**Q** 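Once you've had a glance at the structure underneath, I'll fire off some questions.
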Amino acid sequence: MDQMNMKNEPVLDNFWMPFTANRQFKAAPRLLASAEGMYYTDVDGNRVLDGTAGLWCCNAGHGRKKISQAVERQLSTLDFAPTFQMGHPVVFDFAAKLAKIAPGGAQAGLDRVFFTGSGSESVDTALKIAIAYQRAIGQGTRTRIIGREKGYHGVGFGGISVGGLVNNRRMFPQIPADHLRHTLDLEKNAFSKGLPANGVELADDLDRLVQLHGAETIAAVIVEPMSGSAGVILPPKGYLEKLRAIADKHGILLIFDEVITGFGRLGTPFATNYFGVIPDLVTTAKGLTNGAIPMGAVFASRKVHDGLMVGAENAIELFHGYTYSGHPVACAAGLATLEIYEEEGLLTRAAELADYWQDALHSLKGNPHVVDIRNLGLVGAVELAPRESAPGARAYDVFVDCFKKGLLIRVTGDIIALSPPLIVEKSEIETIVATIADALKRVA
């Protein structure tokens, strides 16, 4: 905050904030100055309990010295090295460590890792790998990707094309894609605890789209095992298994977007493990480095990877990559993060807290404006009835109220989304729920 105005406050004009109503925010800013463990501290010295793991990313909490020390060492040893026709030991070490905990376990074979700089880059990478794979095996007509309504897959052109949140799509051109229907059904599944019972038949939409477009045009289908950014939308029981079977029947690759669910969020290392359904590609980011350094990774099956390892040995197999793919400092942060996860058992800790979290969250049923509560692992959503002619306003007011009372939550539309760091204690879960309950009573 070197640049200050006459009131000794930071100048807010120059930073064009992402996914933010800039004018609204800058009229009443909320500024965080530091963080440690489960708490932020704002610029006025108030502690704020983190109910969202930053932005679904700080799974091990904040201020982890092991990560900052690893970053400092790496910066002073090797700050940058290219990974185009070159390499450095840290990136190979990190990929090998990730392979040992890869989605689905050793039997899944998802142990080939392509590094990116973010979740959006991971998604676009996975889409390109899928199309390139189909071409490499002689299926070059397969260029269409199937996404899902209400899906969020980042903000690259590929990600918005397969994504199903309309505000992310309406301004920009898109690649060829179509969409399955979403699985949110408040009429049949409201206040479900865990996976909803109704809706498995929605997976048949993939068969319907095959009939519409022809299997020979479809490269892959991409879904979040659990949709996060749309408001914690859970798959009905049996849905992902059925989607896998239909994809196999038509030679379509299955991509799981685990940018949010990866690294312990559901009580298993990945949602792939939780559901027991093995995709062909898995996108990750966020918890990969505990949010400390931007980084993403795509886990590819050996089938997909080896399918591209063809042609002359001196030929580049995949014309794709980023300047910062496998950045040494990000790798150092990632290695330290994996050590913390292992030492503290964080990749499975959410399973220990899941029942307590579920009971606490569902205790909000009956509070003003609550029309649904959803939960899985250490993730939750409280959906509110929208105000007439002002969708999103009620949840935003709850968000502001909670922040003033020392709690950070996330809202998307009229849905409160919760994903506390995996180090959360039961007493902090109680505080999260009590603060939200009080805010609901105050908000009209």
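All figures in this text were calculated on a predicted structure; none of them were measured in a lab. Excluded from the calculations below are hydrogen atoms, water molecules and symmetry mates; all remaining heavy atoms, backbone and side chain alike, are included.
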**Q** Side chains of Gln211 and Arg208 only: does a donor on one sit below 3.5 Å from an acceptor on the other?
**A** no
**Q** Looking at Arg374 and Glu383, is any side-chain nitrogen of the basic one under 4.0 Å from a carboxylate oxygen of the acidic one?
**A** yes
**Q** Measuring from Phe270:CZ to Ile101:CD1, what's the distance to the nearest 0.5 Å?
**A** 5.0 Å
**Q** Is Glu339 salt-bridged to Lys97, going by a charged N under 4.0 Å from an acidic O?
**A** no
**Q** Any carboxylate oxygen within less than 4.0 angstrom of a Lys/Arg side-chain nitrogen, looking at Lys249 and Asp207?
**A** yes
**Q** Leu281 vs Phe256, test: side-chain contact (heavy atoms from CB on, under 4.5 Å). Steps then yes/no.
**A** CA-CA 6 Å; Leu281 294 158; Phe256 277 179; over 6 Å; no
**Q** Could you walk me through whether Glu344 and Arg349 pass the salt bridge (Lys or Arg N to Asp or Glu O under 4.0 Å) test, one step at a time?
**A** CA-CA 9 Å; Glu344 301 182 13; Arg349 188 167 188 268; over 6 Å; no
**Q** For Tyr341, is the OH atom crowded, meaning more than 12 foreign heavy atoms sit under 6.0 Å from it?
**A** yes
**Q** Restricting to non-hydrogen atoms, name the atom on Ala95 and the atom on Val113 that form the minimum distance, rounded to 0.1 Å.
**A** O-CG2, 4.1 Å
**Q** I'd like to know if the side chain of Asn290 reaches the main chain of Thr337, judged simply by a donor and an acceptor atom lying under 3.5 Å from each other, with no hydrogens or angles considered.
**A** no
**Q** Does Thr268 form a side-chain contact (heavy atoms from CB on, under 4.5 Å) with Thr348? I'd like the steps, not just the answer.
**A** CA-CA 5 Å; Thr268 54; Thr348 55; 5.8 Å; no
**Q** Are any of the side-chain heavy atoms of Ser227 and Arg148 separated by less than 4.5 Å?
**A** yes
**Q** Please find the pair of heavy atoms, one from Phe399 and one from Val411, that lie closest to each other, and give the distance.
**A** CB-CG1, 3.9 Å
**Q** Is it true that a side-chain atom of His179 and a backbone atom of Ser161 form a donor plus acceptor pair closer than 3.5 Å?
**A** yes
**Q** Looking at residues at least two apart in the chain, or sitting in another chain, which of them share a side-chain hydrogen bond (donor to acceptor under 3.5 Å, both in side chains) with His305?
**A** none
**Q** If we ignore angles and hydrogens, is there a donor and acceptor under 3.5 Å between the side chains of Asp414 and His369?
**A** no
**Q** When rounded to the nearest 0.5 angstrom, what distance separates CE in Met226 from CD1 in Ile260?
**A** 5.5 Å
**Q** If every non-hydrogen atom of Ala437 is compared with every non-hydrogen atom of Asn367, which pair is closest and at what distance?
**A** O-OD1, 3.9 Å
**Q** Quick one: are Val155 and Phe19 in side-chain contact, heavy atoms under 4.5 Å?
**A** yes
**Q** Would the distance check show the side chain of Thr20 and the main-chain N or O of Pro18 forming a donor-acceptor pair, the cut-off being under 3.5 Å?
**A** yes
**Q** Tell me whether Thr289 contacts the main-chain N or O of Ala333 through its side chain, where contact means a donor paired with an acceptor under 3.5 Å.
**A** no
**Q** Test Leu49 against Met38 for side-chain contact (heavy atoms from CB on, under 4.5 Å), laying out the working first.
**A** CA-CA 6 Å; Leu49 178 60; Met38 282 292 301; 3.8 Å; yes
**Q** Can you check whether His62 and Tyr39 have ring centres sitting under 6.0 Å from each other?
**A** no
**Q** Please determine, by modelled atom types, if Arg265 and Asn59 share a side-chain donor-acceptor pair under 3.5 angstrom.
**A** yes
**Q** Minimum heavy-atom separation for Leu165 to Ala230, with atom names?
**A** CD2-CB, 4.0 Å
**Q** Does any pair with a residue in residues 270-283 pass side chain to side chain donor-acceptor pair (under 3.5 Å), and if so which ones, sequence neighbours excluded?
**A** Arg244-Asp280, Asp257-Thr283, Glu258-Thr272, Asp280-Lys303
**Q** With no hydrogens and no angle check, is any side-chain donor or acceptor of Asp372 less than 3.5 Å from a backbone partner on Leu186?
**A** no
**Q** Short question: side chain of Ser325, backbone of Gly321 - any donor-acceptor pair under 3.5 Å?
**A** no
**Q** Give a yes or no on whether the backbone of Asn46 and the side-chain of Asp44 come within a donor-acceptor separation of less than 3.5 Å.
**A** no
**Q** How many angstroms lie between atom CG of Leu346 and atom CD1 of Ile340, to the nearest 0.5 angstrom?
**A** 8.0 Å
**Q** Over all heavy atoms of both residues, which pair between Leu110 and Ser301 is shortest? Give the atoms and the distance, please.
**A** CD2-N, 3.4 Å
**Q** Evaluate whether atom NZ of Lys188 has more than 12 neighbouring non-hydrogen atoms of other residues, nucleotides or ligands under 6.0 angstrom away.
**A** no
**Q** Does any non-hydrogen side-chain atom of Ile131 lie less than 4.5 Å from one of Ile145?
**A** yes
**Q** Before giving the answer on salt bridge (Lys or Arg N to Asp or Glu O under 4.0 Å), spell out for Arg387 and Asp397 the whole-Å C-alpha distance, their side-chain angles and the decisive distance to 0.1 Å.
**A** CA-CA 11 Å; Arg387 289 179 184 148; Asp397 286 349; 2.9 Å; yes
**Q** Using modelled atom types and a 3.5 Å cut-off, is there a donor and acceptor pairing between side-chain atoms of Arg394 and backbone atoms of Ala444?
**A** yes
**Q** What are the two closest heavy atoms between Pro235 and Thr183, and how far apart are they?
**A** CA-OG1, 4.3 Å
**Q** For Arg47, is the CZ atom crowded, meaning more than 12 foreign heavy atoms sit under 6.0 Å from it?
**A** no
**Q** Quick check: are there more than 12 heavy atoms from other residues, nucleotides or ligands sitting under 6.0 Å from NZ of Lys441?
**A** yes
**Q** Report the distance from atom CG of Leu288 to atom CZ of Phe115, rounding to the nearest 0.5 Å.
**A** 7.0 Å
**Q** Counting only heavy atoms not in Glu36 (residues, nucleotides, ligands), do more than 12 fall under 6.0 Å from its CD?
**A** no
**Q** Is the positively charged end of Lys286 above the ring of Phe263, judged by distance under 6.0 angstrom from the centroid and angle within 45° of the axis?
**A** no
**Q** His362: what forms a side-chain hydrogen bond (donor to acceptor under 3.5 Å, both in side chains) with it, not counting sequence neighbours?
**A** Asn375
**Q** Roughly how far, to the nearest 0.5 Å, is the CG atom of Leu353 from the CD atom of Gln358?
**A** 12.5 Å
**Q** Got a sec, which residues hit side chain to side chain contact (heavy atoms under 4.5 Å, CB included) with Thr125, two or more places apart in sequence or on another chain?
**A** Phe114, Thr116, Ile129, Val298, His320, Tyr322
**Q** Does the side chain of Val433 come within less than 4.5 Å of Leu364's, by heavy atoms?
**A** yes
**Q** Return the set of residues passing side-chain hydrogen bond (donor to acceptor under 3.5 Å, both in side chains) with Asp204 (not counting sequence neighbours), or none when no residue passes.
**A** Lys242
**Q** Do Thr431 and Leu407 have side chains that get closer than 4.5 Å, going by heavy atoms?
**A** no
**Q** Mind checking side-chain hydrogen bond (donor to acceptor under 3.5 Å, both in side chains) for Lys405 and listing every partner two or more places apart, or none if nothing turns up?
**A** none
**Q** Would you say the side-chain atoms of Asp185 and Asn189 include a donor-acceptor pair closer than 3.5 Å?
**A** no
**Q** Indicate yes or no for a side-chain donor-acceptor contact from Ser419 to the backbone of Thr52 under 3.5 Å, with no hydrogens or angles considered.
**A** yes
**Q** Side-chain contact, heavy-atom cut-off 4.5 Å: Val282 with Ile255?
**A** no
**Q** With no hydrogens and no angle check, is any side-chain donor or acceptor of Lys26 less than 3.5 Å from a backbone partner on Leu12?
**A** yes
**Q** With rounding to the nearest 0.5 angstrom, report the CG to CG distance, Leu384 to Leu440.
**A** 6.0 Å
**Q** Dump the intermediate steps for side-chain contact (heavy atoms from CB on, under 4.5 Å) on Leu376 and Leu195, then the final yes or no.
**A** CA-CA 7 Å; Leu376 195 67; Leu195 300 182; 4.0 Å; yes
